[in-house]
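See below for the structure under consideration.
Both backbone and side-chain heavy atoms feed into the values below; hydrogens, waters and symmetry mates do not. As the structure lists them, so they are numbered: ligands from 1, and atoms in each ligand from 1.
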Amino acid sequence: MAEKTVLNQTEEKQEKKKVLFSGIQPSGKITIGNYVGAIKNWLTLQEDYDSIFCIVDLHAITVAQEPSELRANTWNLLALYLACGLNPEKSTIFVQSHVPCHAELAWALNTVTYVGELNRMTQFKDKCARHADNINMGLMDYPVLMASDILLYQTDLVPVGADQKQHLELSRDIAQRFNSRYGTTFVVPEPYIAKHGSRIMSLQDAGAKMSKSDENENAFISMTDTPDEIRRKFKRAVTDSDTRVRFGDDKPEISNLLTIYSAFAGCTVQEAEKEFEGAGYGVFKPRIADAVIAVLEPIQKEQKRLLADKAYLNTVLAEGAEKAYYRARRTLTKVYKKLGFVPRA
Ligand code: TRP
């Protein structure tokens, strides 16, 4: 009897945890920017929140993908999530296309989203410029699908980088508009601003975000780069002509390297500055490489081990899809009812 009460209390407590949702596209290589800016933070968040981590393959096809590569990238990203320490017992980890509700809700949300709103999205405009030969409807509708991801799970918090703020703002507008038109249906999500929300910039141009789609391979460190590649890329990283390892607006390249070092060595930027006081870039650069390699090597080893165990990965995906589907379906049923659809008998 007493045991049962305790159990009920813990269950209740779990139910009250705030819902957190985030996702990464399985397109191309995942960089240390994705790791520091997203996955690394998720590891701590999954302890405190009812966390849902998605692999957003439906989003990925809005730019042309080679099907065999998309498939491989999806497995790689799943194995990477797990190798980094995302725990399928604590969090819901799944592939977006496994839960059809995402596409279904997106359709309904399309009817409360204005073309003008989507036309104004900066990322849409950027992508139109970069993929002028493939300005497809999916590219334009990308933010509505993202709103669908978030709203389906009655998400409270969405950890997003600066480049996704506008999309999250639109998700909030869509939720509020639907709620006011049809009655309260969705939780209106809030952005989660990470305490250590470091943004990693390109190693070749500290004014641009480190991106996996950069044409210059030296601009980013991929999570699967070998120690030699990592050392070489840091060696070639652009620096200023000053020699001091100091953080500051006047030293964007060195500030970026200090941010990377502190994220991987597990210290503050101030501690890193102290550590390299009086040392030149020739000393600093190989030490950054060492710190990054020390973190990546065990992750890469584990990722490789997991990729060889497809049976296990499939179990994770099946369980994740089931957990996600159950919750998503509940919201979608509610939405269909509000819209006036006759339920399927
Ligand atoms: N658009 C996000 C990105 O490129 C990925 C994404 C899709 C996402 N759906 C999401 C992020 C929902 C947070 C919540 O980074």
Side-chain angles (χ1 to χ4, degrees), residues 18-42 45-46 49-63 65 70 73-74 77-78 80-81 86 91-99 101-106 109 113 118 121-127 130-131 138-175 186-194 197 199-200 209-214 220 320 324 327-328 331:
K18 286 199 169 171
V19 179
L20 183 133
F21 186 102
S22 202
I24 297 180
Q25 297 188 56
S27 50
K29 290 176 175 160
I30 304 299
T31 71
I32 58 167
N34 299 112
Y35 177 73
V36 173
I39 302 174
K40 189 166 174 265
N41 293 322
W42 297 356
L45 294 172
Q46 78 175 341
Y49 297 97
D50 174 3
S51 308
I52 305 169
F53 301 117
C54 191
I55 295 176
V56 291
D57 54 354
L58 298 177
H59 278 104
I61 59 167
T62 57
V63 304
Q65 301 289 332
L70 178 62
N73 286 335
T74 303
L77 185 54
L78 172 66
L80 182 66
Y81 276 9
L86 292 182
S91 309
T92 301
I93 298 169
F94 76 106
V95 170
Q96 191 184 27
S97 64
H98 291 182
V99 180
C101 314
H102 291 252
E104 293 174 82
L105 179 61
L109 297 181
T113 309
L118 297 178
M121 293 288 123
T122 2
Q123 196 167 77
F124 174 59
K125 287 191 273 191
D126 284 353
K127 284 188 181 171
R130 275 194 286 133
H131 307 278
L139 201 57
M140 188 175 195
D141 210 25
Y142 183 111
V144 181
L145 181 60
M146 182 164 158
S148 165
D149 296 341
I150 296 166
L151 303 182
L152 265 182
Y153 300 94
Q154 304 294 350
T155 301
D156 296 292
L157 295 169
V158 184
V160 283
D163 64 323
Q164 295 299 314
K165 272 251 181 73
Q166 196 184 30
H167 287 164
L168 185 60
E169 205 45 57
L170 181 72
S171 299
R172 288 169 53 83
D173 290 344
I174 292 174
F186 299 118
V187 168
V188 180
E190 303 275 345
Y192 177 90
I193 312 295
R199 200 158 163 237
I200 306 293
K209 191 178 122 173
M210 181 180 281
S211 165
K212 54 191 174 187
S213 46
D214 205 307
F220 61 86
R327 298 171 70 161
T331 301

Practice task
Please report the C-alpha distance between His167 and Phe124 in whole Å, then the side-chain angles of each, then the deciding distance to 0.1 Å, and finally whether the ring-ring contact (aromatic ring centres under 6.0 Å, His included) criterion is met.
Solution key: CA-CA 10 Å; His167 287 164; Phe124 174 59; 9.8 Å; no

Practice task
Among all protein heavy atoms, pick the one closest to atom 9 (N) of ligand 1 and tell me residue, atom and distance.
Solution key: Asp149 OD2, 2.7 Å

Problem - Mutual orientation of the aromatic rings belonging to Trp42 and Tyr81 [parallel < 30°, tilted 30-60°, perpendicular > 60°] - result: perpendicular

Exercise for the section: Establish, for the pair Lys18 and Tyr192, whether the NZ or CZ atom is under 6.0 angstrom from the six-membered ring centre and no further than 45 degrees off its axis. Expected result: no

Completion exercise
If you scan protein heavy atoms around atom 4 (O) of ligand 1, the nearest is Tyr142 OH, 3.1 Å

Completion exercise
Checking heavy atoms under 4.0 Å, the part of Leu168 that sits near ligand 1 is neither

Exercise for the section: Would you mind running through ligand 1 and noting each atom that sits below 4.0 Å from a heavy atom of Val158? Expected result: 13 (C), 14 (C)

Problem - Heavy-atom pair of closest approach, residues Lys212 and Asn34 - result: CD-OD1, 4.4 Å

Exercise for the section: Give the ring-plane orientation class for Phe94 versus Phe21, where under 30° counts as parallel, over 60° as perpendicular and anything between as tilted. Expected result: perpendicular

Problem - Contacting atoms of ligand 1, where contact means under 4.0 angstrom from a heavy atom of Val56 - result: 7 (C), 9 (N)

Problem - ligand 1 contact on His59 by region, counting heavy-atom pairs under 4.0 Å - result: side chain

Practice task
Check whether any N or O atom of Ser22, backbone or side chain, sits under 3.5 Å from an N or O atom of ligand 1, and answer yes or no.
Solution key: no

Completion exercise
In ligand 1, the atoms that come under 4.0 Å of a heavy atom of Gln25 are 4 (O)

Practice task
For the pair Thr74 (side chain) and Leu70 (backbone), establish whether a donor and an acceptor sit closer than 3.5 Å, ignoring hydrogens and angles.
Solution key: yes

Completion exercise
Nearest non-hydrogen protein atom to atom 5 (C) of ligand 1, with distance, is Gly23 O, 3.5 Å

Exercise for the section: State whether the shortest distance between N or O atoms of Gln164 and N or O atoms of ligand 1 falls below 3.5 angstrom. Expected result: yes

Practice task
Identify the two heavy atoms, one from Phe220 and one from Asp214, that lie closest to each other, and give their separation to 0.1 Å.
Solution key: CE2-O, 3.5 Å

